[in-house]
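The block underneath contains the structure these notes are about, expressed in structure tokens.
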Amino acid sequence: MTQGPNIADGSTPFRANDHWNRWREDNELMGELRFPIARIGLEWSRIEPEPGHFDHAVIDRYREELADLKERGIKPLVTLHHFSNPL
């Protein structure tokens with residue numbers, strides 16, 4: 001639940017760095033910068049949006065991102081608990 005704009009310019013953290021939509025660009029940049037490791041958080045509320053219901057499209061999306069990192073020679077460091085928690 002949000003409590004109104006507490007940031008001076010009225011922005012919110014909801015979009016953040018938009019990695020979910022820009023992961024290809026992010027991975028390309030990390031490859032260009034020769035990052036040896038990339039920390040990636042798996043958002044459980046995307047994987048299991050409802051109790052007992054697993055979104056296989058989301059799982060496939062994470063698999064694609066992890067495979068892309070490996071192809072670039074970047075080792076993924078997976079965080080299972082980052083910030084979001086399922087209700």
Side-chain angles (χ1 to χ4, degrees):
M1 180 162 90
T2 61
Q3 297 181 354
N6 293 321
I7 300 173
D9 68 0
S11 63
T12 70
F14 296 120
R15 182 169 164 223
N17 61 10
D18 201 26
H19 179 76
W20 181 257
N21 295 307
R22 297 176 181 229
W23 67 269
R24 288 180 180 89
E25 297 167 53
D26 292 346
N27 287 4
E28 182 177 348
L29 181 58
M30 287 186 285
E32 289 172 6
L33 295 171
R34 299 182 184 198
F35 277 31
I37 299 171
R39 179 173 170 259
I40 174 175
L42 303 184
E43 185 146 355
W44 196 259
S45 60
R46 287 184 190 269
I47 295 170
E48 187 183 13
E50 298 174 19
H53 171 76
F54 294 91
D55 190 329
H56 294 281
V58 169
I59 294 168
D60 290 342
R61 155 57 182 79
Y62 279 127
R63 285 182 174 154
E64 184 180 1
E65 182 176 354
L66 293 169
D68 184 70
L69 285 170
K70 290 179 183 180
E71 287 174 16
R72 295 175 187 278
I74 302 170
K75 293 180 183 178
L77 173 63
V78 177
T79 303
L80 293 176
H81 186 273
H82 188 58
F83 289 108
S84 66
N85 292 304
L87 293 174

> With Asp68, which residues qualify under side-chain hydrogen bond (donor to acceptor under 3.5 Å, both in side chains), at least two apart?
Replying inline: Asn27, Arg72
Would you tabulate the side-chain donor-acceptor contacts of residues 50-59 under 3.5 Å, counting partners in other chains and residues two or more places apart, or write 'none'?
unit_1, atom_1, unit_2, atom_2, d
Asp55, OD1, Ala57, N, 3.0
Asp55, OD1, Val58, N, 3.3

>> Do Ile37 and Val78 sit in one hydrophobic cluster, given that two such residues count as connected whenever their side-chain heavy atoms are within less than 4.5 Å of each other, even indirectly?
In response: no
>> Go through it in stages, so that I can follow the logic: the residues are Leu66 and Arg63, the test is side chain to side chain contact (heavy atoms under 4.5 Å, CB included), and I'd like the CA-CA distance, side-chain angles, deciding distance and then a yes or no.
In response: CA-CA 5 Å; Leu66 293 169; Arg63 285 182 174 154; 5.6 Å; no
> For Tyr62 and Ile47, what are the C-alpha separation, side-chain angles and deciding distance, and is it a side chain to side chain contact (heavy atoms under 4.5 Å, CB included)?
Replying inline: CA-CA 9 Å; Tyr62 279 127; Ile47 295 170; 3.9 Å; yes
> What pairs with Arg24 under side-chain hydrogen bond (donor to acceptor under 3.5 Å, both in side chains), at least two apart in sequence or on another chain?
Replying inline: Glu64
> With hydrophobic residues grouped by side-chain heavy-atom distances under 4.5 Å, do Met30 and Leu77 end up in a single group?
Replying inline: no
> Partners of Asn21 by side chain to side chain contact (heavy atoms under 4.5 Å, CB included), sequence neighbours excluded?
Replying inline: Asp18
> Sequence neighbours excluded, which residues qualify as salt bridge (charged side-chain N to carboxylate O under 4.0 Å, His left out) partners of Asp9?
Replying inline: none
> Should side-chain heavy atoms under 4.5 Å link Ile, Leu, Val, Met, Phe, Trp and Tyr, which residues sit in the same cluster as Trp23?
Replying inline: none
> For Arg34, which residues count as a salt bridge (charged side-chain N to carboxylate O under 4.0 Å, His left out) partner, sequence neighbours excluded?
Replying inline: none
> What are the two closest heavy atoms between Gly31 and Ile74, and how far apart are they?
Replying inline: N-CD1, 3.7 Å
